[in-house]
Amino acid sequence: MKNIRNFCIIAHIDHGKSTLADRLLQATGTISDRDMQNQALDSMDLERERGITIKSHAIQMDYEKDGEKYTLNLIDTPGHVDFSYEVSRSIAACEGALLIVDASQGIEAQTISNLYLALENDLEIIPILNKMDLPGAEPEEVTDQIVELIGCDPSDVIPASGKTGLGVDEILAAILSRIPAPKGDPDGPLQAMVFDSVFNPFRGIIAYYRIMNGSLKKGEKILFLNTGEDYHADEIGILKMTPQPRDIVKTGDVGYIISGIKNAKEVKVGETITTFDNPCLTAVKGFEDVKPMVFAGIYPVDTDDFEELRYSMEKLQLNDSSLVFEPESSAALGFGFRCGFLGMLHMEIIQERLEREFNMTVITTVPNVSYYCYTRKNPTDKQIVNNPSDLPDPSTIETIEEPYIKAQVITKSEYVGQVMTLCVEKRGELQNQIYLTQDRVEITFKMPMAEIVFDFYDRLKSVSRGYASFDYHPIGYQASDLVKLDILLNHEQVDALSALVHRSNAFELGKKICLKLKELIPRQQFEIPIQASIGAKVIARETIKALRKDVTAKCYGGDISRKRKLLEKQKEGKKRMRQVGRVEVPQEAFLAVLKLN
Ligand code: GDP
Ligand code: MG
């Protein structure tokens with residue numbers, strides 16, 4: 001145990017975690033130079049292509065120094081706020097953290113939020129100044145920021161480069177000398193914390209855990225403390241580039257277990273594994289059910305594909321327990337699912353995986369947050385509204401509450417003004433403003449979560465010319481003056497386009513949506529009025545002029561096969577169209593609200 005080191009790598013997105021992990025894997029001979037590919041730990045295609053880590057990964061490295069053999073367990077974590085719960089569990093499995101800061105960018109929002117998570121778990125922090133090879137690196141300035149932030153000595157900061165390999169030996173030496181060996185009682189009852197699980201189509205769920213106390217033997221009957229379910233440890237082992245089966249995994253170590261579990265829902269991150277016969281008394285602290293924050297409808301483009309979509313979503317859920325969904329129907333879109341996601345990135349990932357891994361073409365509706373609604377008749381009865389169309393009749397509503405977040409923005413001081421203006425426009429309330437250095441400012445806001453679901457992030461990047469980073473944490477619900485904005489096409493309400501918006505924004509938003517829809521919906525044989533309304537009151541209107549031309553007309557008397565081709569082309573085009581009453585609506589129109597200027 002005294003020669004084990006468990007550590008994670010934390011950083012703001014793109015500061016070079018995965019690349020530096022690659023260098024450590026190479027330096028310890030865990031992966032040969034021949035097998036090396038970039039971001040070796042990012043195993044999903046999607047992770048590689050997007051260059052982001054979605055799941056946590058663990059890997060064991062052997063390292064020898066001064067005749068002593070060490071076992072280093074590295075846990076690579078996803079840095080994105082959508083997955084912060086996974087980050088926090090991974091952190092809890094470690095004694096130390098490499099805090100990577102890009103020397104050309106400096107400290108960013110997720111550097112700070114991940115650092116706080118690490119400090120809360122009493123981890124030893126090894127600060128690393130990465131990307132020193134870049135001409136734009138500002139080592140003195142960024143070292144100052146780091147020293148200021150964590151209160152270390154400037155000489156503790158290790159200059160490094162994941163690209164050139166600079167600093168890798170120093171980092172390995174620091175891991176051995178500065179990070180404490182795991183504690184825990186090797187002879188006590190088994191207490192292991194699950195920090196991640198992956199789905200394997202042949203083996204079922206493979207759970208990753210860190211053993212806090214005791215040991216786990218192959219074949220043992222085990223108990224999940226939080227769910228109370230028991231299983232058999234069919235296969236256990238440690239994680240190298242491929243899983244290595246073992247007969248026993250001991251205190252302080254990081255390992256995997258396969259126990260015939262087929263569904264990710266059964267193994268949640270934060271779960272405690274113990275033995276059935278001699279269970280530990282307490283669970284590892286910090287188990288929570290992760291709650292979806294953003295909801296949207298997902299519908300098959302082809303209405304006949306509903307069952308196939310259900311099958312695909314179920315399969316995806318086996319793999320990703322944070323995805324929730326239930327069937328819903330929409331007058332405009334037919335049968336589909338209302339899905340809950342951890343955040344906007346998670347939603348994009350699910351959509352992309354449906355298309356890639358399951359070949360599904362889907363229509364996603366405008367995302368919304370989850371609202372609490374109280375009616376006058378039953379003011380203590382909280383109704384959870386995950387779809388604006390499900391809102392009770394507005395005349396019966398007493399209050400609607402919406403989720404709020406604490407938003408933290410870090411930017412260059414020259415952009416503070418623009419960032420403030422944006423946040424206020426997004427109904428934000430300034431809470432705090434701290435100068436991290438002379439020209440870097442951290443601004444904290446309280447803001448409705450709904451506002452970041454729309455175009456907040458893109459706007460923030462554009463007003464700060466890319467020099468702002470952003471992170472947020474939910475802080476509970478608060479009553480708001482919200483109204484349901486409906487959209488009518490040819491006098492028919494399109495349920496999939498309804499949104500709950502703040503009363504002060506309704507008029508402007510209604511106008512913009514009508515304009516955008518006018519742009520997106522092709523002209524048809526008749527005139528189409530587009531209206532935005534609150535209840536029975538129309539607040540904006542646009543009209544799509546009628547079209548009179550028949551596209552096949554010019555083929556009359558001509559080549560029949562050409563005519564057929566044209567018709568087929570039209571049909572192809574129609575696949576992504578939805579009939580709403582008499583109006584054909586292209587798929588993009590259902591996301592029009594997201595694309596307003
Ligand atoms: P992560 O999001 O923190 O895992 O970051 P990645 O390891 O995926 O790196 C983000 C980008 O920065 C990639 O394009 C890397 O090639 C690049 N990168 C990472 N480390 C270095 C470095 O030390 N020097 C330079 N020049 N580029 C780097
Ligand atoms: Mg990465």
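Counting convention: from 1, in listed order, for ligands and their atoms alike.
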Q) Do ligand 1 and Ile13 have nitrogen or oxygen atoms that lie under 3.5 Å from each other? A) no
In ligand 1, the atoms that come under 4.0 Å of a heavy atom of Thr19 are 6 (P), 7 (O), 9 (O), 15 (C), 19 (C), 20 (N)
For Gly162, the atoms of ligand 1 under 4.0 Å from one of its heavy atoms are 22 (C), 23 (O)
Testing the 3.5 Å rule here: is there a donor-acceptor pair between the side chains of Asp320 and His346?
yes
OG1 (Thr411) and CZ (Arg440) are apart, to the nearest 0.5 Å, by 7.5 Å
So for Ser161 against ligand 1, with non-hydrogen atoms under 4.0 Å, the contacting part is both
Polar contacts were defined as any N/O atom of the residue lying under 3.5 Å from an N/O atom of the ligand; does this apply to Leu134 and ligand 1?
no
Those residues at least two apart in sequence (or on a different chain) that pass side-chain contact (heavy atoms from CB on, under 4.5 Å) with Ser312 are Leu354, Phe358, Met360
Task: Donor-acceptor side-chain pairing of Asn432 and Thr444 below 3.5 angstrom - done: no
Check: of Lys131, Lys17, Met132, min heavy-atom distance to atom 22 (C) of ligand 1 comes from Lys131
Ligand 1 atoms nearer than 4.0 angstrom to some heavy atom of His15 are 3 (O)
Ignoring hydrogens and angles, state whether a donor on the side chain of Gln145 or Glu141 is under 3.5 Å from an acceptor on the partner side chain.
yes
Tyr404 ring centre to Lys446 NZ or CZ under 6.0 Å, with the angle to the axis within 45°? yes
Checking heavy atoms under 4.0 Å, the part of Thr164 that sits near ligand 1 is neither
